Amino acid sequence: MLLITPDTKLADALNSNYLLIPVVNRFGIALGFGDKSVEEICRGRGINVEFFTTILNVFSHENYFPQARMLNFDALALVQYLERTHEYYRSLLLPQLERHFNLLMESASEKSKEVLLIEKFFNEYKNELLLHLKREDQATFPYIKAIYHKQNLEDMARRYSIKKFEAEHNNIDEKLYDLKNILIKYAHNGYDEHLRNTVIFDLFRLEKDLTDHTHIENNILTPIVEKMEQALFGSNA
Amino acid sequence: MLKNQHIAIVTDNGVVALGLEALLYEYATLTGVLHFTTAIELRKSTQHFGLAFIDSNIYVASANQISTKNKILLLHQAPDESGNSLLPSLYMHCPQELLVKQLEALLPIFDKATQDNGKSDLSDREREVLVLVAKGMINKEIADQLSISLHTVITHRKNITSKLGIKTISGLTIYAILNGLITVDEVE
Ligand SMILES: [Fe+2]
Ligand SMILES: [Fe+2]
């Protein structure tokens, strides 16, 4: 897969890895930009080119993770990116998955024990994911934005810290992994095979995106905020 | 690599067979190397082979004699005679160090394949542990119940997860119910 640089044509980057398309959307970039380079597109929209290219490369290349460089990212830009990613999960990927999943379950030859168990498992997962996103949207991100703007610092420091985030932040992709394998290896209740494939594709996409997202939260966002806290509250924060 | 496995070499070139055997003993812990000069001899052998090196000409001439159960590595004279490029191949007409490099790259593929073959099903013990996990027991309780150490329980759980491709307790519970290991009522 293409290593993306500021003078790569964005269209070439998306051709080399179509899974980047929703990532690009998250930056507010709609398709139809012709042969413009990454840099031209970013400049026109006030997006930091380095931030943008790094996020795309991290997403595309498994072993690409220039942590030292990423630690200089702007915390606010990062939080905004993560928030948009949540929005993408909540309003697009998850509803789509759910729609396909429900169709798949309806396609089963009978409403068997298997169907009921898998439905229950799916709903548990969905709620877990929504709760995870909500917690970050309502506690973690507002806290980071507040200390970024140096608002209500004392109050904020009393209520939350990035240590707290580290302690409560869990891997949200384990059940997803299980569901994928249950559908690939074990479910055999006469489902529509095309629908089954569609659901499995959705699951792989969500898993890939979430893994990348969590990786950024744990290894970039957390150390950046730790550094901010130290500068604001001293080392005993 | 290829630990404790028998290897077959099928070629009518005695020098190749002896040279290859010598190389293999240097790079793998084998149980034995058996030589054959035709595909029919190989088929008639009752031995199970971890890997069979087969001369590409013999393979092309008598592929129908060779069981698809065999893990096959073709012996080619040179890279350009690529009639069966779908199968992993060893190109013999090259200096010794290149030969060694090729072997080092090829043998792990088969090692992986044999490992995967071995881990198809849960062992009886793993099944017992799985049932208790699905019933909602924690590791300590499982260790007490089965009179094994906590460490052993953890090892079993790791193996169960990697064999089944399921990590979470609720996922394992579904597996156990779907496979008749427990009933829905037994789950708390
Ligand atoms: Fe998140
Ligand atoms: Fe998260």
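Keep in mind that what you see is a predicted model, and the values were worked out from it rather than measured. All chains are named by letter (A, B, ...) in the order of the sequence lines, taking the proteins before the strands, and each is independently numbered beginning at 1. Note: hydrogens, waters and symmetry copies are ignored here, and every other heavy atom, side chains too, is used.
- With hydrogens and angles ignored, the 3.5 Å screen pairs no side-chain donor or acceptor of B:Lys167 with any backbone N or O of A:Tyr177.
- Chain A forms more heavy-atom pairs under 4.5 Å with one residue of B:Thr161, B:Leu172, B:Thr173, B:Ile177 than with any other, namely B:Ile177.
- A:Asn181 places no side-chain N or O within 3.5 Å of a backbone atom of B:Ile166 that could act as its donor or acceptor partner.
- Within a 6.0 Å sphere centred on CG of B:Leu99, heavy atoms belonging to other residues, nucleotides or ligands number more than 12.
- Summarising the local packing, NZ of A:Lys120 is surrounded by 12 or fewer heavy atoms from other residues, nucleotides or ligands at distances under 6.0 Å.
- For A:Phe201, the CZ atom counts as loosely surrounded, since its 6.0 Å shell holds 12 or fewer non-hydrogen atoms of other residues, nucleotides or ligands.
- The NZ atom of A:Lys175 sits 5.5 Å away from atom OG1 of B:Thr168, with the distance rounded to the nearest 0.5 Å.
- Contacts between A:Leu117 and chain B at a heavy-atom distance below 4.5 Å involve backbone atoms as well as side-chain atoms.
- The number of heavy-atom neighbours closer than 6.0 Å to NZ of A:Lys208, taken from other residues, nucleotides and ligands shown, is above 12.
- Surrounding CD of A:Gln67 are more than 12 heavy atoms belonging to other residues, nucleotides or ligands, all under 6.0 Å away.
- Sparse packing is recorded around CG of B:Asp124, with 12 or fewer heavy atoms of other residues, nucleotides or ligands lying under 6.0 Å away.
- One finds the CD atom of A:Glu128 at 7.5 Å from the OG atom of B:Ser170 (value rounded to the nearest 0.5 Å).
- Of the two parts of A:Lys113, only the side chain, counted from C-beta on, holds a non-hydrogen atom closer than 4.5 Å to a non-hydrogen atom of chain B.
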Is there a side chain to side chain contact (heavy atoms under 4.5 Å, CB included) between A:Tyr186 and B:Leu164 once you walk through the steps?
CA-CA 9 Å; A:Tyr186 306 116; B:Leu164 300 182; 3.5 Å; yes
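- We find the CZ-CD1 distance between A:Phe121 and B:Ile174 to be 5.5 Å, quoted to the nearest 0.5 Å.
- The two residues A:Lys185 and B:Gly165 have their closest heavy-atom pair at NZ-N, 4.1 Å.
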